[in-house]
Amino acid sequence: MRCVTAPVIGVLALQGDVREHLTALTDVGAQARPVRRAAELDAVDGLVIPGGESTTISKLVDIFELREPIDKRIAAGLPVYGSCAGMIMLAQEVLDGRPDQRGFDGITMTVRRNAFGRQVDSFEAPVEITGIDGGPLHAVFIRAPWVERVGAGVEVLGTVTEGPAAGRVVAVRQGNLLATSFHPELTRDLRLHRYFVDLVRT
Ligand code: GLN
């Protein structure tokens, strides 16, 4: 892996909150670029898969012929961070998904789509993340998945600490792959993006 001070980090720009991730990544010192083509993917040191709608992202990944190139880069160790729909795209197994949706060859985990249910479709909660100092993140959840099961080698980084969803796993890491149920790109707290950029730099 290249060791660079301002790594080039792509944001998969097919659907979802692409702009917010580009801004957050730029603010923490990365060279942030949208990725829609395989040639653009070739040029990145890390990739973010944004929140949005995983069923739509899954379809567009095939239309833009990015599935195989992304799977190959993941297998070769590319650092990837997925938030919300991006977490779903990084999960090896999805519950309550559409039968035709497919993720990448990513984290050994099972996630449940739209897991928090209608009552708590969108909510905010403090989440303490292992490896991130300075107190809990103010996490924003929007029709979010949670992690139901993790395989060997997956580190649980964060769980919900209060409310009806207390104890639910919402942040994980497996090697160079990082995923959160929530959307740090929608807050002004840049610590999660800084954590990912540091992961890309090492
Ligand atoms: N519910 C969405 C999905 O299934 C994810 C929502 C989000 O990314 N905010 O992809």
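First listed ligand is number 1; within each ligand, the first listed atom is number 1.
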* Asked: Going by the ring pair (Phe, Tyr, Trp, His ring centres under 6.0 Å) test, which pairs reach into residues 150-185, not counting sequence neighbours?
  -> F141-F182
* Structure fact -> At a 4.0 angstrom heavy-atom cut-off, ligand 1 is contacted by G51, G52, E53, S54, C84, A85, I88, R113, N114, I142, R143, H183
* Structure fact -> Under a side-chain separation threshold of 4.5 Å, the hydrophobic residues clustered together with L186 are V140, I142
* To do: State whether a side-chain donor-acceptor pair under 3.5 Å links E93 with T110.
  => yes
* To do: Tell me, please, which residues at least two apart from R194 pass side-chain contact (heavy atoms from CB on, under 4.5 Å).
  => V28, L190, R191, D198
* **Parallel, tilted or perpendicular: ring planes of F196 versus Y81, cut at 30 and 60 degrees** => tilted
* Can R113 and E53 be counted as an ion pair, charged N to O under 4.0 angstrom? -> yes
